[in-house]
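Being a predicted model, the structure only gives us computed values, none of them experimental. Residue numbers begin at 1 in each chain, while the letters A, B, ... track the order of the sequences.
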Protein chains: 2
Amino acid sequence: MVTLADVARHAGVSASTVSYVLSGKRSISGPTRERIQHSIDTLGYRPHAGARALASSRTDILALMMPLRTGLYVPVMMEIAMAVTTTARTHGYDVLLLTGEEGPEAVRRVEGSAVADAMIVMDVGLDDPRIPCLQAAQRPAVLIGLPAETAEAADSTGLDCVDLDFEAAGARCVDHLAALGHTRVAVLGEPPAVYERGTGFAARTLTGLRAAAAAHGVGLLHRPVDGTYAAVAAAVTRVFEERPGTTALVVQNEAAVEPLLALLRHQGRAVPEDVSVVAICPDQVAVHASVPLTAVSVPAQEMGRRAVERLVERLAGQAPRGTELIAPRLTARASTGPAAPALPTEDRHGRDGR
Amino acid sequence: MVTLADVARHAGVSASTVSYVLSGKRSISGPTRERIQHSIDTLGYRPHAGARALASSRTDILALMMPLRTGLYVPVMMEIAMAVTTTARTHGYDVLLLTGEEGPEAVRRVEGSAVADAMIVMDVGLDDPRIPCLQAAQRPAVLIGLPAETAEAADSTGLDCVDLDFEAAGARCVDHLAALGHTRVAVLGEPPAVYERGTGFAARTLTGLRAAAAAHGVGLLHRPVDGTYAAVAAAVTRVFEERPGTTALVVQNEAAVEPLLALLRHQGRAVPEDVSVVAICPDQVAVHASVPLTAVSVPAQEMGRRAVERLVERLAGQAPRGTELIAPRLTARASTGPAAPALPTEDRHGRDGR
DNA sequence: TTGAAAGCGCTAACAG
DNA sequence: CTGTTAGCGCTTTCAA
């Protein structure tokens, strides 16, 4: 193994000089720096991560706590994880992947054993047992998601948060539909488990949806659904029975998107002529759906990237702690159109829905 | 920060004794060990990862290289990743997540900077640039997947591999269908990009499918498809035009599963009465599909687990290097049945396919 | 602009 | 069964 001492010897300088050309923490004369750089290259030197961590008490590692609980849409998690690792690398950090199963213990381990310089925590619930540990920890942490139902409450926890502004996202959906003349809207939400767990984003979306509905005089129905065909079918059927005049749907449940479109097609309800659909989902899902969906995109990449950037800022100097909400962006595609009266019943079956 | 020296002082012993109760590498008297353990607990001591890595040249970290290339089904990757981290933890290892984008450079970094003790490499292609680095590396590595089209060729690379026996998996599908009397089978495969990249598993599956088809006198058609409704519709339509007598489909493409079922329903082809469907996919996909699918399961968890276990064995002592193929398991569900003659054409549209 | 030297916290001979 | 001690490879004062 090539050590810093080897490089120093090869270049005819002291170890500290080599260390300083690597860190750039003091000025080195041109010739010396070149000679050293040359030695580094020819010897193929790489600093030993452990030794560096011990001497500098920095690991250049970020921990990513990613629980995979029921009802979560895996591809979004993955997209965030990838954005995190990619962004981390551009800042010279590696990413340690921790599953949620270890819970608070993982937080203590990272802290106590100095395994990572900072942590990113995903899927935080209201009464998440990791939160106290995080607050007690010396290392910076940023949550992806809010541990509370409002941004103000989140700020009061003293934690650092990054998330989509789901409240505004919900409002944008209703705004869009109201502008098209829809007055009766149904919401197909996340699976019940997600709401029960107290994961803030679902509740915040609902708040935004309801506020906008009230403002526009729109009637709103909300049904949590599991992402299966059967569950979607049951919910949608019930919605149209209870409110036959429903002309628009908002879906916040990636797994339910395709089942929903298949069902509407099967029922002979054309999208968007008979019913408009707005989704809250990643752009990729919206674009590749069997009907390109008007949607507020969940900016998974941006969330992962921002989380890392904030952590890097905090590690560098005194970045302010607080909650950062990403403004929602609604893109109109083929799934929404002007409100139309409900179809006559006899025309509703056996139609070609494509 | 609490150090080993602090614990030693508190317990009235030397540092090495504390170190040895932690590692268990030499016998300690009952009373002493208890006194030390007590000090550890009351002081809340945790060994410093960096210091330990420096002194022992072991990091207790496994690197996981997980490229996310086009055409890959994300949930499977994620399931493997989770199995890897979970299994790793039970053996005392943490997992460093590396994206494929860094390619061979990441391998060199792990190696040179002693960032991890070993690596797990996913989605390996035939001419993967990481392979030479891996072979040159001093640290053990295991690939999830084969870097070649046959297990023998993979073994000759001197690398350690874990994978599903896709060749046998393909054969099992045809065996099952042949036993039900099907003689004309079509295969909907992975996206073209996957085949072009030389990812071995798709080719190996095809080999197995063809061999079994030849053995049973079954006619086989193979079509790579992208996981979109349009692509699936085009492929299936063509299949039935070219081979009207086709009574069974094999799908090896998770993203195509639901589009396929929706399409068949829409075309009025009942599953399994008119057409049988066998999938090669994770159990979860098969079980939750709108028609529960007869399938050879892709044992994502087992693959991740075995990869870690082999690495741990290799790190411990002299475990043999080689290729480990997991035997496929086919589970019969609701999507396959006896072969039936093709439907009369006039009866094929507007039916309720559910 | 460079060097010398003292650790960082832990492990593992070596000695008793 | 336990203690002493010499590093592991790097960073960072302190001196020049």
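- Taking every heavy atom of residues 48-61 of chain B and every atom of DNA chain D, pairs under 4.0 Å involve B:Leu54, B:Ala55, by number.
- Closest of all the heavy-atom pairs between B:Pro320 and B:Asp160 is O-OD1, 4.2 Å.
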For this session: Using the salt bridge (charged side-chain N to carboxylate O under 4.0 Å, His left out) rule, take A:Arg321 and A:Asp155 through it: C-alpha gap first, then chi angles, then the decisive distance, then the call.
Result: CA-CA 8 Å; A:Arg321 199 175 300 197; A:Asp155 266 345; over 6 Å; no

For this session: Applying side chain to side chain contact (heavy atoms under 4.5 Å, CB included), run through A:Met65 and A:Met122 and close with a yes or a no.
Result: CA-CA 6 Å; A:Met65 288 201 67; A:Met122 295 176 66; over 6 Å; no

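- Among residues at least two apart or in separate chains, salt bridge (charged side-chain N to carboxylate O under 4.0 Å, His left out) pairs with a member in residues 23-48 of chain B are A:Glu105-B:Arg46.
- On the nucleic acid side, DNA chain D has its first and last nucleotide under 4.0 Å of a heavy atom of chain B at D:dC1 to D:dG9, going 5' to 3'.
- Recorded end-axis angle for the helix from C:dT1-D:dA16 to C:dG16-D:dC1 stands at 30°, based on five pairs per end and rounded to 10 degrees.
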Look for any protein N or O under 3.5 Å of an N or O in nucleotides 3-5 of chain C and output each such pair with its distance, or none.
{"residue": "C:dG3", "atom": "OP2", "partner": "A:Ser14", "partner atom": "N", "Å": "2.9"}
{"residue": "C:dG3", "atom": "OP2", "partner": "A:Ser14", "partner atom": "OG", "Å": "3.3"}
{"residue": "C:dG3", "atom": "OP2", "partner": "A:Thr17", "partner atom": "OG1", "Å": "2.6"}
{"residue": "C:dG3", "atom": "N7", "partner": "A:Ser16", "partner atom": "OG", "Å": "3.3"}
{"residue": "C:dG3", "atom": "N7", "partner": "A:Arg26", "partner atom": "NH2", "Å": "2.9"}
{"residue": "C:dG3", "atom": "O6", "partner": "A:Arg26", "partner atom": "NH1", "Å": "2.7"}
{"residue": "C:dG3", "atom": "O6", "partner": "A:Arg26", "partner atom": "NH2", "Å": "3.2"}
{"residue": "C:dA4", "atom": "N6", "partner": "A:Ser16", "partner atom": "OG", "Å": "3.2"}

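- When heavy atoms are screened at a 4.0 angstrom cut-off, B:Leu22 is found touching no nucleic acid atom at all.
- For A:Asp123, the salt bridge (Lys or Arg N to Asp or Glu O under 4.0 Å) criterion is met by A:Arg69, A:Arg197, not counting sequence neighbours.
- Within the 3.5 Å criterion, the main-chain N or O of B:Ile61 finds a donor-acceptor partner in the side chain of B:Thr59.
- A:Ser29 and A:Thr32 share a donor-acceptor pair across their side chains, judged by distance under 3.5 Å alone.
- Of the possible polar contacts, none joining the B:Arg130 side chain to the B:Gly103 backbone as a donor-acceptor pair under 3.5 Å is found.
- Mapping B:Ile28 and A:Tyr45 onto DNA chain D by nearest heavy atom places B:Ile28 closer to the 5' end of the strand.
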Exercise. B:Glu309 and B:Arg306: salt bridge (charged side-chain N to carboxylate O under 4.0 Å, His left out), yes or no, with the steps?
Worked result: CA-CA 5 Å; B:Glu309 286 170 354; B:Arg306 284 302 301 150; 2.6 Å; yes

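- For the pair B:Ser56 (side chain) and B:Arg52 (backbone), a donor-acceptor distance under 3.5 Å is present.
- The residue A:Ser19 sits close to a base: some heavy atom pair falls under 4.0 Å.
- Checking side-chain atoms of B:Asp117 against main-chain N and O of B:Asp60 turns up a donor-acceptor pair under 3.5 Å.
- Side-chain contact check for A:Leu97 versus A:Met66: some heavy-atom pair is nearer than 4.5 Å.
- Of the possible donor and acceptor atoms, none in the side chain of B:Thr85 sits under 3.5 Å from a partner among the backbone N and O of A:Leu98.
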